[in-house]
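What follows is a short report on a single structure.
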Number of protein chains: 2
Amino acid sequence: MTRVLVVDDEPQIVRALVINLKARKYEVDAAHDGATALQLAAARHPDVVVLDLGLPDMDGVEVIKGLRGWTRVPILVLSARHSSDEKVEALDAGADDYVTKPFGMDELLARLRAAVRRAEPVGGDEADVIVETDDFTVDLAAKKVNRGGKDVRLTPTEWHLLEVLVRNTGRLVGQKQLLQEVWGPSYGTETNYLRVYMAQLRRKLEGDPSRPRHFITEAGMGYRFEK
Amino acid sequence: MTRVLVVDDEPQIVRALVINLKARKYEVDAAHDGATALQLAAARHPDVVVLDLGLPDMDGVEVIKGLRGWTRVPILVLSARHSSDEKVEALDAGADDYVTKPFGMDELLARLRAAVRRAEPVGGDEADVIVETDDFTVDLAAKKVNRGGKDVRLTPTEWHLLEVLVRNTGRLVGQKQLLQEVWGPSYGTETNYLRVYMAQLRRKLEGDPSRPRHFITEAGMGYRFEK
DNA sequence: CACGGGCATCAGGGTTCCGTCAAGGACGGC
DNA sequence: GCCGTCCTTGACGGAACCCTGATGCCCGTG
(Lines give C-alpha, C1' and ligand atoms only; values in the text may rest on other atoms or scores of the structure.)
Protein backbone atom coordinates (compact mmCIF):
# COMPACT_ATOMS: atom_id res chain seq x y z
CA MET A 1 0.00 0.00 0.00
CA THR A 2 1.22 3.45 -0.85
CA ARG A 3 1.89 5.71 2.10
CA VAL A 4 1.23 9.46 1.76
CA LEU A 5 2.28 12.22 4.13
CA VAL A 6 -0.01 15.26 3.93
CA VAL A 7 1.38 18.51 5.36
CA ASP A 8 -0.96 21.49 5.59
CA ASP A 9 -2.11 23.84 8.33
CA GLU A 10 -5.64 24.26 6.96
CA PRO A 11 -7.80 21.57 8.53
CA GLN A 12 -10.40 21.51 5.76
CA ILE A 13 -7.79 20.88 3.11
CA VAL A 14 -6.19 18.13 5.14
CA ARG A 15 -9.59 16.57 5.70
CA ALA A 16 -10.50 16.69 2.02
CA LEU A 17 -7.18 15.12 1.04
CA VAL A 18 -7.32 12.45 3.70
CA ILE A 19 -10.83 11.41 2.73
CA ASN A 20 -10.03 11.27 -0.96
CA LEU A 21 -6.77 9.43 -0.46
CA LYS A 22 -8.14 6.87 1.94
CA ALA A 23 -11.03 6.20 -0.41
CA ARG A 24 -8.43 5.25 -3.00
CA LYS A 25 -6.65 2.87 -0.67
CA TYR A 26 -3.73 5.07 0.25
CA GLU A 27 -2.32 4.97 3.75
CA VAL A 28 -2.29 8.55 5.01
CA ASP A 29 -0.37 10.43 7.70
CA ALA A 30 -1.03 14.12 8.33
CA ALA A 31 1.00 16.93 9.86
CA HIS A 32 -0.01 20.55 10.38
CA ASP A 33 3.44 22.09 10.74
CA GLY A 34 6.96 21.63 9.43
CA ALA A 35 8.54 20.13 12.51
CA THR A 36 5.89 17.43 12.77
CA ALA A 37 6.22 16.80 9.06
CA LEU A 38 9.96 16.14 9.25
CA GLN A 39 9.50 13.94 12.27
CA LEU A 40 6.70 11.93 10.68
CA ALA A 41 8.63 11.55 7.46
CA ALA A 42 11.56 10.10 9.37
CA ALA A 43 9.37 7.79 11.40
CA ARG A 44 7.01 6.56 8.69
CA HIS A 45 9.02 6.80 5.47
CA PRO A 46 6.14 7.80 3.19
CA ASP A 47 6.18 6.96 -0.52
CA VAL A 48 5.18 10.51 -1.40
CA VAL A 49 4.78 13.85 0.45
CA VAL A 50 2.10 16.48 -0.26
CA LEU A 51 3.41 19.70 1.20
CA ASP A 52 1.74 23.07 1.66
CA LEU A 53 4.35 25.84 1.59
CA GLY A 54 2.51 28.13 4.02
CA LEU A 55 3.20 26.53 7.35
CA PRO A 56 2.95 28.22 10.75
CA ASP A 57 6.35 27.27 12.16
CA MET A 58 8.81 27.30 9.29
CA ASP A 59 9.27 28.09 5.63
CA GLY A 60 8.06 25.32 3.37
CA VAL A 61 11.29 25.44 1.40
CA GLU A 62 13.15 24.59 4.59
CA VAL A 63 10.99 21.50 4.96
CA ILE A 64 11.92 20.48 1.42
CA LYS A 65 15.60 20.91 2.17
CA GLY A 66 15.24 19.04 5.43
CA LEU A 67 13.74 16.10 3.59
CA ARG A 68 16.20 16.21 0.73
CA GLY A 69 19.04 15.93 3.19
CA TRP A 70 18.39 12.25 3.57
CA THR A 71 15.66 11.04 1.23
CA ARG A 72 14.58 11.18 -2.40
CA VAL A 73 10.89 10.69 -1.62
CA PRO A 74 8.72 12.53 -4.20
CA ILE A 75 7.50 15.91 -2.87
CA LEU A 76 4.37 17.46 -4.33
CA VAL A 77 4.14 21.11 -3.31
CA LEU A 78 0.81 22.78 -2.71
CA SER A 79 0.67 26.56 -2.53
CA ALA A 80 -1.59 29.56 -2.77
CA ARG A 81 1.20 31.63 -4.29
CA HIS A 82 1.15 31.81 -8.05
CA SER A 83 4.37 33.72 -8.41
CA SER A 84 6.96 32.23 -10.68
CA ASP A 85 9.79 32.84 -8.23
CA GLU A 86 8.10 30.81 -5.54
CA LYS A 87 7.70 27.89 -7.89
CA VAL A 88 11.27 28.04 -9.09
CA GLU A 89 12.60 28.23 -5.55
CA ALA A 90 10.57 25.26 -4.37
CA LEU A 91 11.38 23.14 -7.41
CA ASP A 92 15.08 23.90 -7.22
CA ALA A 93 15.10 23.11 -3.52
CA GLY A 94 14.10 19.60 -4.47
CA ALA A 95 10.33 19.54 -4.96
CA ASP A 96 9.02 17.28 -7.70
CA ASP A 97 5.86 19.13 -8.63
CA TYR A 98 4.06 22.35 -7.79
CA VAL A 99 0.28 22.76 -7.72
CA THR A 100 -1.41 26.09 -7.02
CA LYS A 101 -4.52 26.42 -4.87
CA PRO A 102 -7.30 26.13 -5.55
CA PHE A 103 -6.62 22.83 -7.22
CA GLY A 104 -8.78 20.16 -8.79
CA MET A 105 -8.77 16.95 -6.80
CA ASP A 106 -8.64 14.84 -9.96
CA GLU A 107 -5.56 16.67 -11.17
CA LEU A 108 -3.83 16.46 -7.83
CA LEU A 109 -4.44 12.74 -7.62
CA ALA A 110 -3.14 12.26 -11.16
CA ARG A 111 0.02 14.18 -10.31
CA LEU A 112 0.36 12.11 -7.20
CA ARG A 113 0.10 8.91 -9.21
CA ALA A 114 2.71 10.21 -11.64
CA ALA A 115 5.08 11.06 -8.80
CA VAL A 116 4.68 7.67 -7.19
CA ARG A 117 4.94 5.81 -10.47
CA ARG A 118 8.27 7.26 -11.52
CA ALA A 119 9.74 6.65 -8.08
CA GLU A 120 9.12 2.95 -8.50
CA PRO A 121 12.17 0.79 -8.95
CA VAL A 122 13.25 0.33 -12.55
CA GLY A 123 12.64 -3.14 -13.89
CA GLY A 124 9.62 -5.25 -13.01
CA ASP A 125 12.15 -7.65 -11.55
CA GLU A 126 10.41 -9.83 -9.03
CA ALA A 127 13.49 -11.95 -8.65
CA ASP A 128 15.60 -9.22 -7.15
CA VAL A 129 13.19 -8.61 -4.31
CA ILE A 130 13.86 -11.96 -2.70
CA VAL A 131 17.15 -12.64 -0.98
CA GLU A 132 18.00 -16.14 0.18
CA THR A 133 20.57 -17.42 2.61
CA ASP A 134 21.25 -20.86 4.01
CA ASP A 135 19.29 -20.01 7.11
CA PHE A 136 16.43 -17.76 5.99
CA THR A 137 14.72 -15.92 3.14
CA VAL A 138 13.89 -12.23 2.94
CA ASP A 139 11.12 -10.96 0.65
CA LEU A 140 11.58 -7.21 0.40
CA ALA A 141 8.37 -6.65 -1.56
CA ALA A 142 6.11 -8.64 0.73
CA LYS A 143 8.02 -7.49 3.81
CA LYS A 144 8.32 -11.06 4.99
CA VAL A 145 11.04 -13.20 6.42
CA ASN A 146 10.80 -16.97 6.27
CA ARG A 147 12.90 -19.40 8.22
CA GLY A 148 12.53 -23.15 8.10
CA GLY A 149 9.13 -22.85 6.39
CA LYS A 150 7.74 -20.51 9.03
CA ASP A 151 7.32 -16.76 8.85
CA VAL A 152 9.46 -14.90 11.33
CA ARG A 153 7.79 -12.09 13.19
CA LEU A 154 9.79 -8.85 13.15
CA THR A 155 8.99 -5.54 14.81
CA PRO A 156 8.90 -2.45 12.57
CA THR A 157 12.35 -1.32 13.66
CA GLU A 158 13.84 -4.77 13.24
CA TRP A 159 12.43 -5.00 9.74
CA HIS A 160 13.65 -1.56 8.81
CA LEU A 161 17.16 -2.34 9.95
CA LEU A 162 17.11 -5.65 8.10
CA GLU A 163 15.86 -3.93 4.97
CA VAL A 164 18.68 -1.40 4.90
CA LEU A 165 21.26 -4.12 5.42
CA VAL A 166 19.80 -6.45 2.80
CA ARG A 167 19.53 -3.69 0.23
CA ASN A 168 23.27 -3.30 0.70
CA THR A 169 24.12 -6.98 0.66
CA GLY A 170 27.86 -7.48 0.82
CA ARG A 171 28.55 -3.83 1.39
CA LEU A 172 29.62 -2.37 4.68
CA VAL A 173 27.01 0.04 6.05
CA GLY A 174 28.38 2.61 8.47
CA GLN A 175 26.77 2.94 11.87
CA LYS A 176 25.86 6.56 11.23
CA GLN A 177 24.20 5.68 7.95
CA LEU A 178 22.25 2.87 9.57
CA LEU A 179 21.06 5.09 12.39
CA GLN A 180 19.97 7.83 10.03
CA GLU A 181 18.15 5.54 7.65
CA VAL A 182 16.32 3.65 10.35
CA TRP A 183 15.82 6.19 13.14
CA GLY A 184 15.90 9.44 11.12
CA PRO A 185 18.38 12.12 10.19
CA SER A 186 18.81 13.52 13.69
CA TYR A 187 20.41 10.30 14.92
CA GLY A 188 24.01 9.31 14.35
CA THR A 189 25.74 8.50 17.60
CA GLU A 190 23.30 6.23 19.42
CA THR A 191 25.22 3.08 18.61
CA ASN A 192 23.61 1.25 21.51
CA TYR A 193 20.39 1.09 19.49
CA LEU A 194 22.27 -0.77 16.81
CA ARG A 195 23.73 -3.21 19.30
CA VAL A 196 20.33 -4.02 20.77
CA TYR A 197 18.53 -4.48 17.47
CA MET A 198 21.34 -6.31 15.78
CA ALA A 199 21.18 -8.77 18.65
CA GLN A 200 17.43 -9.20 18.08
CA LEU A 201 17.91 -9.88 14.39
CA ARG A 202 20.64 -12.39 15.10
CA ARG A 203 18.56 -14.14 17.71
CA LYS A 204 15.66 -14.45 15.30
CA LEU A 205 17.54 -15.23 12.10
CA GLU A 206 21.03 -16.61 12.65
CA GLY A 207 21.56 -20.33 12.99
CA ASP A 208 23.96 -19.73 15.84
CA PRO A 209 23.36 -16.20 17.16
CA SER A 210 26.57 -16.21 19.14
CA ARG A 211 28.57 -16.89 15.98
CA PRO A 212 26.85 -14.76 13.31
CA ARG A 213 27.43 -15.73 9.67
CA HIS A 214 25.16 -13.21 8.00
CA PHE A 215 25.12 -10.13 10.20
CA ILE A 216 28.75 -9.27 10.53
CA THR A 217 30.20 -6.66 12.84
CA GLU A 218 33.02 -4.51 11.60
CA ALA A 219 34.25 -3.01 14.85
CA GLY A 220 34.44 0.74 14.79
CA MET A 221 32.88 0.99 11.35
CA GLY A 222 29.48 -0.63 10.99
CA TYR A 223 27.72 -3.82 9.96
CA ARG A 224 27.55 -5.94 6.86
CA PHE A 225 24.97 -8.42 5.61
CA GLU A 226 26.29 -11.48 3.77
CA LYS A 227 24.20 -14.15 2.05
CA MET B 1 25.58 17.64 -21.16
CA THR B 2 21.85 17.20 -20.80
CA ARG B 3 19.95 16.46 -24.00
CA VAL B 4 16.42 17.81 -24.44
CA LEU B 5 13.87 16.88 -27.10
CA VAL B 6 11.37 19.67 -27.81
CA VAL B 7 8.17 18.65 -29.58
CA ASP B 8 5.78 21.41 -30.69
CA ASP B 9 4.14 22.46 -33.95
CA GLU B 10 4.24 26.19 -33.23
CA PRO B 11 7.54 27.52 -34.57
CA GLN B 12 7.71 30.52 -32.26
CA ILE B 13 7.41 28.35 -29.17
CA VAL B 14 10.04 25.97 -30.39
CA ARG B 15 12.32 28.87 -31.17
CA ALA B 16 11.87 30.43 -27.72
CA LEU B 17 12.55 27.12 -26.03
CA VAL B 18 15.57 26.28 -28.12
CA ILE B 19 17.15 29.67 -27.51
CA ASN B 20 16.59 29.54 -23.76
CA LEU B 21 17.76 25.95 -23.44
CA LYS B 22 20.88 26.39 -25.52
CA ALA B 23 21.78 29.49 -23.53
CA ARG B 24 21.74 27.25 -20.45
CA LYS B 25 24.04 24.70 -22.03
CA TYR B 26 21.46 22.10 -22.89
CA GLU B 27 21.79 20.10 -26.06
CA VAL B 28 18.51 20.50 -27.96
CA ASP B 29 16.69 18.50 -30.63
CA ALA B 30 13.36 19.69 -32.03
CA ALA B 31 10.43 17.95 -33.71
CA HIS B 32 7.23 19.49 -35.01
CA ASP B 33 5.08 16.38 -35.16
CA GLY B 34 4.60 13.11 -33.32
CA ALA B 35 6.18 10.77 -35.81
CA THR B 36 9.37 12.80 -35.95
CA ALA B 37 9.37 13.02 -32.19
CA LEU B 38 9.26 9.26 -31.70
CA GLN B 39 11.94 8.78 -34.30
CA LEU B 40 14.23 11.39 -32.79
CA ALA B 41 13.71 10.04 -29.31
CA ALA B 42 14.80 6.60 -30.46
CA ALA B 43 17.79 7.92 -32.35
CA ARG B 44 19.07 10.47 -29.85
CA HIS B 45 18.01 9.14 -26.45
CA PRO B 46 17.22 12.51 -24.84
CA ASP B 47 17.45 12.98 -21.08
CA VAL B 48 14.09 14.75 -21.03
CA VAL B 49 11.22 15.41 -23.46
CA VAL B 50 9.14 18.60 -23.64
CA LEU B 51 5.96 17.64 -25.47
CA ASP B 52 3.10 19.77 -26.76
CA LEU B 53 -0.12 17.77 -26.83
CA GLY B 54 -1.58 19.55 -29.87
CA LEU B 55 0.30 17.98 -32.75
CA PRO B 56 -0.79 17.92 -36.39
CA ASP B 57 -0.33 14.21 -37.08
CA MET B 58 -1.33 12.37 -33.93
CA ASP B 59 -2.73 12.73 -30.44
CA GLY B 60 -0.13 13.79 -27.89
CA VAL B 61 -1.21 11.02 -25.54
CA GLU B 62 -0.30 8.50 -28.23
CA VAL B 63 3.19 9.98 -28.32
CA ILE B 64 3.46 9.53 -24.58
CA LYS B 65 2.38 5.89 -24.85
CA GLY B 66 4.78 5.37 -27.72
CA LEU B 67 7.65 6.61 -25.62
CA ARG B 68 6.60 4.76 -22.48
CA GLY B 69 6.67 1.52 -24.42
CA TRP B 70 10.43 1.45 -24.20
CA THR B 71 11.78 4.28 -22.08
CA ARG B 72 11.31 5.99 -18.74
CA VAL B 73 12.68 9.29 -19.97
CA PRO B 74 10.96 12.20 -18.13
CA ILE B 75 8.15 13.74 -20.21
CA LEU B 76 7.07 17.30 -19.54
CA VAL B 77 3.75 18.00 -21.24
CA LEU B 78 2.91 21.42 -22.61
CA SER B 79 -0.68 22.19 -23.49
CA ALA B 80 -3.17 24.94 -24.15
CA ARG B 81 -5.98 22.85 -22.66
CA HIS B 82 -6.74 23.67 -19.06
CA SER B 83 -9.29 20.93 -18.58
CA SER B 84 -8.72 18.60 -15.72
CA ASP B 85 -9.56 15.54 -17.80
CA GLU B 86 -6.81 16.30 -20.27
CA LYS B 87 -4.25 16.58 -17.52
CA VAL B 88 -5.32 13.39 -15.84
CA GLU B 89 -5.24 11.50 -19.11
CA ALA B 90 -1.76 12.71 -20.01
CA LEU B 91 -0.33 12.11 -16.55
CA ASP B 92 -1.83 8.65 -16.32
CA ALA B 93 -0.51 7.80 -19.76
CA GLY B 94 2.97 8.31 -18.36
CA ALA B 95 3.73 12.03 -18.43
CA ASP B 96 5.79 13.38 -15.55
CA ASP B 97 4.51 16.94 -15.46
CA TYR B 98 1.89 19.11 -17.13
CA VAL B 99 2.29 22.82 -17.83
CA THR B 100 -0.48 24.92 -19.38
CA LYS B 101 0.16 27.58 -21.97
CA PRO B 102 0.92 30.36 -21.68
CA PHE B 103 3.74 29.41 -19.35
CA GLY B 104 6.52 31.32 -17.67
CA MET B 105 9.92 30.36 -19.01
CA ASP B 106 11.46 30.42 -15.53
CA GLU B 107 8.88 28.01 -14.22
CA LEU B 108 9.22 25.69 -17.18
CA LEU B 109 12.98 25.56 -16.80
CA ALA B 110 12.64 24.88 -13.09
CA ARG B 111 10.25 22.00 -13.77
CA LEU B 112 12.66 20.74 -16.37
CA ARG B 113 15.52 20.79 -13.88
CA ALA B 114 13.35 18.95 -11.37
CA ALA B 115 12.46 16.28 -13.94
CA VAL B 116 16.08 15.77 -14.94
CA ARG B 117 17.31 15.78 -11.37
CA ARG B 118 15.05 13.01 -10.13
CA ALA B 119 15.89 10.86 -13.13
CA GLU B 120 19.50 10.84 -12.09
CA PRO B 121 20.84 7.55 -10.86
CA VAL B 122 20.40 6.86 -7.18
CA GLY B 123 23.34 7.85 -5.06
CA GLY B 124 26.54 8.96 -6.74
CA ASP B 125 28.49 6.35 -4.79
CA GLU B 126 27.15 3.35 -6.63
CA ALA B 127 30.19 3.23 -8.83
CA ASP B 128 31.75 0.00 -7.65
CA VAL B 129 35.37 0.96 -7.61
CA ILE B 130 37.33 -2.28 -7.59
CA VAL B 131 41.10 -2.51 -7.67
CA GLU B 132 42.75 -5.84 -8.37
CA THR B 133 46.26 -7.12 -7.85
CA ASP B 134 47.80 -10.55 -8.26
CA ASP B 135 47.42 -11.19 -4.56
CA PHE B 136 44.20 -9.50 -3.51
CA THR B 137 41.18 -7.39 -4.51
CA VAL B 138 40.00 -4.14 -2.96
CA ASP B 139 36.37 -3.00 -3.25
CA LEU B 140 36.29 0.61 -2.18
CA ALA B 141 32.50 0.93 -2.24
CA ALA B 142 31.78 -2.17 -0.17
CA LYS B 143 34.82 -1.59 2.00
CA LYS B 144 35.92 -5.13 1.35
CA VAL B 145 39.22 -6.83 0.71
CA ASN B 146 39.33 -10.31 -0.74
CA ARG B 147 42.33 -12.57 -0.86
CA GLY B 148 42.32 -16.07 -2.26
CA GLY B 149 38.51 -16.19 -2.18
CA LYS B 150 38.29 -15.17 1.45
CA ASP B 151 37.42 -11.82 2.91
CA VAL B 152 40.18 -10.21 4.87
CA ARG B 153 39.31 -8.44 8.11
CA LEU B 154 40.75 -4.97 8.43
CA THR B 155 40.52 -2.64 11.41
CA PRO B 156 39.22 0.91 10.78
CA THR B 157 42.72 2.39 10.79
CA GLU B 158 44.08 -0.31 8.53
CA TRP B 159 41.23 0.21 6.09
CA HIS B 160 41.60 3.96 6.14
CA LEU B 161 45.29 3.74 5.39
CA LEU B 162 44.69 1.25 2.59
CA GLU B 163 42.01 3.47 1.13
CA VAL B 164 44.28 6.50 0.92
CA LEU B 165 47.03 4.46 -0.71
CA VAL B 166 44.72 2.76 -3.20
CA ARG B 167 43.09 6.02 -4.22
CA ASN B 168 46.61 7.14 -5.13
CA THR B 169 47.65 3.95 -6.90
CA GLY B 170 51.09 4.29 -8.42
CA ARG B 171 51.72 7.66 -6.80
CA LEU B 172 53.99 8.30 -3.88
CA VAL B 173 52.09 9.48 -0.81
CA GLY B 174 54.16 11.46 1.68
CA GLN B 175 54.27 10.38 5.30
CA LYS B 176 52.87 13.67 6.49
CA GLN B 177 49.97 13.43 4.06
CA LEU B 178 49.23 9.86 5.11
CA LEU B 179 49.28 10.76 8.78
CA GLN B 180 47.01 13.73 8.30
CA GLU B 181 44.48 11.90 6.16
CA VAL B 182 44.24 8.89 8.42
CA TRP B 183 44.87 10.25 11.91
CA GLY B 184 43.75 13.85 11.44
CA PRO B 185 45.27 17.21 10.63
CA SER B 186 47.10 17.57 13.95
CA TYR B 187 49.39 14.64 13.15
CA GLY B 188 52.40 14.76 10.88
CA THR B 189 55.51 13.45 12.60
CA GLU B 190 54.37 10.20 14.20
CA THR B 191 55.97 8.03 11.52
CA ASN B 192 56.05 5.06 13.87
CA TYR B 193 52.25 4.77 13.45
CA LEU B 194 52.82 4.32 9.75
CA ARG B 195 55.43 1.61 10.29
CA VAL B 196 53.16 -0.38 12.56
CA TYR B 197 50.07 -0.23 10.37
CA MET B 198 51.95 -0.70 7.14
CA ALA B 199 53.33 -3.88 8.65
CA GLN B 200 49.79 -5.03 9.48
CA LEU B 201 48.61 -4.40 5.94
CA ARG B 202 51.56 -6.26 4.51
CA ARG B 203 51.08 -9.19 6.82
CA LYS B 204 47.41 -9.44 5.87
CA LEU B 205 47.70 -8.74 2.15
CA GLU B 206 51.16 -9.32 0.72
CA GLY B 207 52.11 -12.73 -0.60
CA ASP B 208 55.48 -12.44 1.09
CA PRO B 209 55.20 -9.72 3.74
CA SER B 210 58.95 -9.49 4.17
CA ARG B 211 59.38 -8.71 0.49
CA PRO B 212 56.46 -6.37 -0.29
CA ARG B 213 55.42 -6.05 -3.93
CA HIS B 214 52.42 -3.75 -3.50
CA PHE B 215 53.11 -1.60 -0.45
CA ILE B 216 56.42 -0.05 -1.24
CA THR B 217 58.52 2.00 1.15
CA GLU B 218 60.23 5.08 -0.17
CA ALA B 219 62.75 5.70 2.58
CA GLY B 220 62.52 9.16 4.06
CA MET B 221 59.57 10.14 1.91
CA GLY B 222 56.52 7.94 2.19
CA TYR B 223 54.79 4.91 0.76
CA ARG B 224 53.35 3.88 -2.57
CA PHE B 225 50.76 1.35 -3.60
CA GLU B 226 51.34 -0.61 -6.81
CA LYS B 227 48.94 -3.06 -8.45
C1' DC C 1 85.04 -0.72 10.42
C1' DA C 2 82.19 1.91 13.57
C1' DC C 3 78.24 4.68 13.70
C1' DG C 4 73.62 6.56 13.21
C1' DG C 5 69.26 7.24 10.86
C1' DG C 6 65.33 5.18 9.09
C1' DC C 7 62.65 1.08 8.94
C1' DA C 8 60.43 -3.65 10.29
C1' DT C 9 58.73 -6.48 13.83
C1' DC C 10 56.90 -7.88 18.20
C1' DA C 11 54.45 -7.82 22.49
C1' DG C 12 52.29 -5.50 26.36
C1' DG C 13 48.74 -2.35 28.44
C1' DG C 14 45.30 1.07 28.28
C1' DT C 15 41.23 2.38 25.99
C1' DT C 16 37.45 2.05 23.09
C1' DC C 17 33.90 -0.68 21.22
C1' DC C 18 30.64 -4.51 21.22
C1' DG C 19 27.25 -8.19 22.98
C1' DT C 20 24.07 -9.09 26.50
C1' DC C 21 20.72 -8.53 29.95
C1' DA C 22 17.18 -6.23 32.36
C1' DA C 23 14.28 -2.54 33.70
C1' DG C 24 11.42 1.50 32.64
C1' DG C 25 8.30 4.01 29.65
C1' DA C 26 5.31 4.91 25.53
C1' DC C 27 1.74 3.28 22.80
C1' DG C 28 -2.24 0.85 21.10
C1' DG C 29 -5.82 -2.92 21.51
C1' DC C 30 -9.24 -5.16 24.07
C1' DG D 1 -8.20 0.86 32.62
C1' DC D 2 -5.48 -3.14 32.07
C1' DC D 3 -2.24 -5.76 29.42
C1' DG D 4 1.01 -6.87 25.90
C1' DT D 5 4.22 -5.23 22.49
C1' DC D 6 7.72 -2.42 21.26
C1' DC D 7 11.23 1.08 21.93
C1' DT D 8 14.61 3.25 24.83
C1' DT D 9 18.22 3.45 28.23
C1' DG D 10 21.82 2.04 31.44
C1' DA D 11 25.25 -1.15 33.21
C1' DC D 12 28.83 -4.56 32.84
C1' DG D 13 32.11 -8.15 31.21
C1' DG D 14 34.80 -9.26 27.45
C1' DA D 15 36.77 -8.68 22.97
C1' DA D 16 38.90 -5.79 19.54
C1' DC D 17 41.66 -2.14 18.63
C1' DC D 18 45.19 1.53 19.07
C1' DC D 19 49.27 3.32 20.94
C1' DT D 20 53.88 2.72 22.81
C1' DG D 21 58.48 1.24 23.66
C1' DA D 22 62.10 -2.10 22.85
C1' DT D 23 64.88 -4.65 19.78
C1' DG D 24 67.20 -5.77 15.57
C1' DC D 25 68.07 -5.08 10.57
C1' DC D 26 69.59 -2.57 6.44
C1' DC D 27 72.26 0.89 4.40
C1' DG D 28 74.74 5.01 3.62
C1' DT D 29 78.41 7.85 5.76
C1' DG D 30 82.52 9.22 8.11
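The sequence lines fix the lettering, A, B, ..., with proteins before strands; numbering per chain opens at 1.
- When heavy atoms are screened at a 4.0 angstrom cut-off, B:Tyr223 is found touching the sugar-phosphate backbone but no base atom.
- At the phosphate of C:dC7, neither OP1 nor OP2 sits under 4.0 Å from any side-chain N or O atom of B:Thr217.
- For the pair B:Gln175 CD and C:dG6 P, the computed distance is 9 Å after rounding to whole Å.
- In this entry the distance linking OH of A:Tyr193 with C1' of C:dG25 reads 12 Å, nearest Å.
- Atom P of nucleotide C:dG12 and atom CG of B:Asn192 are separated by 19 Å, given to the nearest angstrom.
- Protein atom CD of A:Gln200 is 11 Å distant from nucleotide atom P of C:dT20, rounded to whole Å.
- Considering only side-chain N and O atoms, B:Ser210 lies nowhere under 4.0 angstrom from the phosphate OP1 or OP2 of C:dA8.
- When the nucleotides D:dT20, C:dC10, D:dC17 are ranked by their closest atom to the side chain of B:Arg203, C:dC10 comes out on top.
- Between B:Tyr197 and D:dC18, a side-chain N or O to OP1/OP2 separation shorter than 4.0 Å is present.
- In terms of heavy atoms, B:Val131 sits closest to B:Lys227 at CG1-CE, 3.9 Å.
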Residues B:Trp159, B:Tyr197; criterion ring-ring contact (aromatic ring centres under 6.0 Å, His included); working and verdict: CA-CA 10 Å; B:Trp159 171 260; B:Tyr197 280 93; over 10 Å; no

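- Taking atom OH of residue A:Tyr187 and atom C1' of nucleotide D:dT9, one finds them 12 Å apart after rounding to whole Å.
- Under the side-chain hydrogen bond (donor to acceptor under 3.5 Å, both in side chains) criterion, the residue pairs touching residues 134-143 of chain A are A:Asp134-A:Arg213, A:Asp135-A:His214, with sequence neighbours excluded.
- Taking atom CG on A:Leu194 and atom C1' on D:dC7, their separation rounds to 14 Å, with Å as the unit.
- Considering only side-chain N and O atoms, A:Arg202 lies under 4.0 angstrom from the phosphate OP1 or OP2 of C:dG19.
- Atom CD in B:Glu218 sits about 17 Å away from atom C1' in C:dG5, given to the nearest Å.
- Considering every non-hydrogen atom in both A:Leu38 and A:Val63, the closest pair reads CD2-O, 3.8 Å.
- Not one side-chain nitrogen or oxygen of A:Trp183 sits closer than 4.0 Å to the OP1 or OP2 atom of D:dC7.
- Checked against a 6.0 Å centroid threshold, the rings of A:Phe215 and A:Phe225 count as neighbours.
- Atom CG of A:Leu161 is separated from atom P of D:dT8 by 12 Å (rounded to the nearest Å).
- Between D:dC7 and A:Thr155, a contact under 4.0 Å exists linking OP1 or OP2 to a side-chain N or O.
- Distances from the side chain of A:Arg153 to the nucleotides C:dC18, D:dT9, D:dT5 place D:dT5 closest.
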